[in-house]
Each structure stands twice: as C-alpha cells, then as structure tokens.
> 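Structure in structure tokens, see below.
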Amino acid sequence: ELEENLKEKLSDKKAIILYNDDVNTFEHVITCLVLYCDHTPIQAEQCANIVHNNGKCSVKTGDLLDLIPIKSQLLMHKLNAEIE
C-alpha cells in the first residue's frame, strides 16, 4: 500500500513555478524557458512578463520525475524555481 501511495504521489501532475528576482534579464529568462521548458519565444516572453508583474508564474506542468531535471537546469542558470 505504501508503494502504491508513493507511485500515486509521483504521478500526480505538478508544476514548476518561476519566481521573480532582481538579477536576471528578460532575455536570460526567455532563453532558459525556450531551452529547458520547450516554450516558444512568444510563450516564454509572456511568462517572463507574468513573473515580472505578478511575482511568479507556472512555466511547466507534468509528472514530478519529468520536472525535476528541468527545475535543476533552471536553478543552474540562476533562476528561482520550485515544484508545487
């Protein structure tokens, strides 16, 4: 039962939330979203604007195991991201 519960948790849809900061440029954020989250440039620009104006934005949804390496890439590029 514990194993089933764990599998259920891992298969739940999660989201990478990108948070605003005072360090990264719009261009850097957009580039990272295109490279690591499979965004189109327009989609990435819209997300960057939402992060800038609202403080955060969901930039990628999926299974936890798929999102972990993407979040790691964003963090390595100095973006502030969490999985929720």
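The shown structure was predicted, so the numbers you read here are calculated from the model rather than taken from an experiment.
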> Check D63 with K14, please: is the shortest side-chain N to carboxylate O separation under 4.0 Å?
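Looking at D63 together with K14, the answer is no, because their closest N to O distance does not fall below 4.0 Å.
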> Roughly how far, to the nearest 0.5 Å, is SG of C47 from CG of N54?
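Atom-to-atom, N54:CG and C47:SG are 11.0 Å apart.
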> Name all residues meeting the side-chain contact (heavy atoms from CB on, under 4.5 Å) criterion together with T61; count only those two or more places apart in sequence or in a different chain, and write none if there are none.
A15, S58
> Does H28 have any ring-ring contact (aromatic ring centres under 6.0 Å, His included) partners at least two apart in sequence or in another chain, and if so, which?
none
> Measure the CG-CD1 distance between L64 and I16 for me, rounded to the nearest 0.5 Å.
9.5 Å
> Can you list every salt bridge (charged side-chain N to carboxylate O under 4.0 Å, His left out) pair that touches residues 66-84, not counting sequence neighbours?
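Of all non-adjacent pairs touching residues 66-84, none passes salt bridge (charged side-chain N to carboxylate O under 4.0 Å, His left out).
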> Hydrophobic clusters here meaning ILVMFWY residues chained together by side-chain heavy-atom distances under 4.5 Å, can you tell me if L75 and I70 are in one?
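No, separate clusters.
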> Could you work out the complete set of other residues in the hydrophobic cluster of I17, with links drawn between I, L, V, M, F, W and Y side chains under 4.5 Å apart?
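Other cluster members: Y19.
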> Just jot down the salt bridge (charged side-chain N to carboxylate O under 4.0 Å, His left out) partners of D21, sequence neighbours excluded, or say none.
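For D21, no residue satisfies salt bridge (charged side-chain N to carboxylate O under 4.0 Å, His left out) once neighbours in sequence are set aside.
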> So how far is it from N80 CG to N24 CG, rounded to the nearest 0.5 Å?
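Rounded to the nearest 0.5 Å, the CG-CG separation comes to 9.0 Å.
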> Using 0.5 Å steps for rounding, measure from the CG atom of D22 to the CG atom of N20.
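Between D22 CG and N20 CG, I get 6.5 Å after rounding to 0.5 Å.
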> Within a strict 4.5 Å, meaning less than it, do heavy atoms of the V51 and V29 side chains meet?
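Of all side-chain heavy-atom pairs linking V29 with V51, none is under 4.5 Å.
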> I need the full list of salt bridge (charged side-chain N to carboxylate O under 4.0 Å, His left out) pairs touching residues 25-44, with sequence neighbours left out, sorted by first then second residue.
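Residue pairs with at least one partner in residues 25-44: D38-K60.
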> Treating H39 as the side-chain partner and Q46 as the backbone partner, does any N or O pair qualify as donor plus acceptor under 3.5 Å?
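No, H39 side chain to Q46 backbone: no donor-acceptor pair under 3.5 Å.
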